[in-house]
Amino acid sequence: MKEKYYISTAIAYTSGKPHIGNTYEIVLADAIARYKRIKGYDVYFQTGTDEHGEKIEIKARENNVSPQEYVDGVAAEIKAIWDIMNTSYDRFIRTTDKNHEKQVQKIFKKLYEQDDIYKGTYEGLYCTPCESFFTENQLVDGKCPDCGRAVKQAKEEAYFFRLSKYQDRLMEHIKLHPEFIRPESRKKEMINNFLKPGLQDLCVSRTSFTWGIPVDFDPKHVVYVWIDALTNYITNIGYDVDGSSLEYKKYWPADLHLIGKDIIRFHTIYWPIILMALGEELPKQVFGHPWMLFGSDKMSKSKGNVIYADDLVKLFGVDAIRYYVLHEMPFANDGNITYDLVIERINSDLANILGNLVNRTISMAQKYFEGRVRNTNVYTSLDKSLLLEVGELAKKVDDKMDSLEVGAAIEEIFQVLRKSNKYIDETMPWILAKDETEKGRLETVIYNLLETIRVCATLLRPYLPDTAIKILNQLGTNDEDMEFKQDLIYCVNDPEPLFQRIDKIKKMEEINTFLSNKM
RNA sequence: GGCGAGAUAGCUCAGCUGGCUAGAGCGUUCGGUUCAUACCCGAAAGGUCGUGGGUUCGAUCCCCUCCCUCGCUACCA
């Protein structure tokens with residue numbers, strides 16, 4: 001039986017269209033999911049949208065539509081972008097799904113009945129005109145951050161979760177499972193800022209807005225974000241307080257929750273504690289990935305520097321953008337994206353190193369052998385290092401992927417592609433072609449190249465799915481073994497450029513026109 | 001303020017528990033080649049490894065001071 005692998009992204013908040021920074025997460029998850037499938041895992045890959053809350057209620061009002069209509073629109077937009085990015089999620093959950101709502105109510109009730117949740121009062125600084133509570137450090141000059149007027153102490157009835165009851169168990173779990181929170185620095189932040197000082201009880205219901213899942217035994221309350229949003233990971237695969245589905249039993253606990261670094265607290269403190277209270281297993285790993293910055297600024301609409309994934313795809317193509325975000329994002333630090341950098345990466349890596357290698361190799365196979373190439377086994381010492389590197393490639397990629405270093409995994413493959421270009425220069429096929437007695441040697445050289453490219457293309461499938469298929473088609477093979485083989489027989493098709501080189505100046509003009517047309 | 005991370009070539013970054021002339025990619029300059037998408041290959045230039053101390057036979061890597069950048073510091077998500 002196949003080993004299961006459950007990976008999730010965070011559910012995207014439907015307050016507006018996600019930019020490339022948000023889109024990075026789904027692409028990263030997709031690369032990992034595709035990789036695991038190739039490795040033979042039974043992968044379940046979930047994503048979706050978080051659709052309740054006050055902010056959405058307000059947005060809907062501003063747009064003169066109902067909250068449901070509003071989230072229907074944004075959720076569709078988000079799903080469309082995920083699809084444009086060619087991501088292979090298995091299921092897309094929305095927190096407005098009926099089953100989710102029902103399960104959340106049951107979970108809330110169960111936690112209440114077992115006294116993990118109790119009714120109390122929420123005390124805080126309240127701005128009456130804005131009808132909102134704020135914390136001390138949200139205030140601007142001691143005044144309401146929204147309207148600038150004075151705030152006052154106020155109380156509101158609310159349900160609370162006794163987090164402190166579980167904090168020792170959670171601390172223990174984090175110590176026993178060093179892989180639970182990644183990267184490491186995030187773990188320290190959680191321990192030092194929250195666990196060590198002691199957890200405060202968490203407010204889990206609201207009465208100040210209505211766009212949420214009602215608490216069924218106390219309907220003036222709606223379930224506040226935590227229990228609503230976080231439980232998506234289990235409700236959608238069949239968790240049920242009264243007995244969960246077989247699917248749930250098969251896939252839970254999740255192997256990896258991939259999330260942005262901004263929501264680590266919810267996933268490494270609140271979520272595990274909710275699960276402990278329910279008596280369920282904890283996810284194996286939570287990875288808080290870094291952010292994608294535009295230049296050195298965080299993207300925001302007010303700065304006017306927002307880049308959307310669908311626009312980038314229109315301008316550069318889906319695999320180019322997948323490549324950029326996967327390759328350029330560091331493991332722990334924030335990465336950045338500019339049009340200049342995207343163009344440089346496409347030209348140097350995709351067009352020159354990869355595209356041109358495939359093109360020149362296939363051209364030679366056509367020119368010297370009418371496209372039909374087999375291994376004639378005429379080796380020389382020049383072949384040694386290339387064959388050694390291809391031989392080790394799958395293992396190296398595997399190691400990097402295991403530690404979620406996706407960019408480094410891709411780099412390993414490109415290392416071999418670079419090596420292949422060098423190999424052509426060293427073996428000089430065009431010289432061999434002039435000497436009839438070197439025909440056998442020439443064919444071995446071309447074979448080594450074709451086979452190396454096949455291995456690389458196969459390994460590139462998780463990152464550049466369309467391009468990988470194109471390469472394999474040009475090679476005329478459907479062999480997707482990740483090891484170098486000695487005995488394939490190639491009958492290649494006509495070469496066709498994979499990525500056009502981009503003229504930076506012309507492209508920038510095109511981009512400016514494109515953006516000004518959108519305004 | 002507290003806690004945490006980081007500061008290495010023009011740019012983006014590698015450098016495991018201290019040890020050969022500090023590395024890679026991109027960019028720049030020069031040279032080579034022609035199978036190929038003016039591509040590819042090679043070479044060079046370019047770093048007092050943030051500051052000032054200390055430990056050591058020896059420190060980019062350990063300790064301390066200082067300077068700077070960034071993140072977290074609980075109910076927006």
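Chain A is the first sequence line, chain B the second, and so forth, proteins listed ahead of strands; every chain is numbered from 1.
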When you compare B:rC41 with B:rA36, how far apart are their C1' atoms, in angstrom units rounded to a whole number?
-> 13 Å

Nucleotide forming a Watson-Crick or wobble pair with B:rG25, both distances under 3.5 Å = B:rC11

Measure centre to centre between the rings of A:Y159 and A:F108, then say whether the value is under 6.0 Å.
-> yes

Report yes if a side-chain nitrogen or oxygen of A:R345 is closer than 4.0 Å to either non-bridging phosphate oxygen (OP1 or OP2) of B:rU12; otherwise report no.
-> no

Check every strand shown and say whether A:N192 touches a base, only sugar-phosphate, or nothing at a heavy-atom separation below 4.0 Å.
-> sugar-phosphate

Who is the Watson-Crick or G-U wobble partner of B:rC20, with both distances under 3.5 Å?
-> none

Go through the side-chain N and O atoms of A:R501 and A:N352 and say whether any donor and acceptor fall under 3.5 Å apart.
-> yes

B:rC68 pairs with which nucleotide, Watson-Crick or G-U wobble, both distances below 3.5 Å?
-> B:rG6

At under 4.0 Å between heavy atoms, what does A:G198 touch on the DNA or RNA strands: base, sugar-phosphate, or nothing?
-> base

Inter-nucleotide C1' distance (B:rG71, B:rC63), Å rounded = 25 Å

Under a 3.5 Å limit for both distances, which nucleotide forms a Watson-Crick or G-U wobble pair with B:rC30, could you say?
-> B:rG42

Of A:R501 and A:Y368, the one whose closest RNA chain B nucleotide lies more 5' = A:Y368

Check: A:N193 side chain, B:rC72 base, donor-acceptor under 3.5 Å | yes

Nearest-Å distance once atom P is located in both B:rC49 and B:rC20 = 15 Å

Counterpart base for B:rC75, defined by Watson-Crick or G-U wobble contacts under 3.5 Å = none

Using atom P of each nucleotide, how far apart are B:rU48 and B:rG31 to the nearest Å?
-> 29 Å

Whichever of A:W430 and A:V225 has the more 5' nearest nucleotide on RNA chain B, that residue is A:W430

Using the P atom on both, measure B:rA24 against B:rG47 and round to a whole Å.
-> 15 Å

Pair A:K119 + A:D218: basic N to acidic O under 4.0 Å = yes

Decide if the gap between the ring center of A:F161 and the ring center of A:Y224 is smaller than 6.0 angstrom.
-> no

Considering only atom P, compute the distance from B:rC67 to B:rC26 and round it to an integer number of Å.
-> 39 Å

A:N352 side-chain N/O to B:rC40 phosphate OP1/OP2 under 4.0 Å | yes

Euclidean distance for P, B:rU60 against B:rG54 (whole angstrom) | 15 Å

Is there a Watson-Crick or G-U wobble partner for B:rU51 with both distances under 3.5 Å, and which nucleotide is it?
-> none

Do the rings of A:W226 and A:Y270 sit parallel, tilted or perpendicular, given the 30° and 60° boundaries?
-> perpendicular

P atoms of B:rC3 and B:rC66, separation to the nearest Å | 13 Å

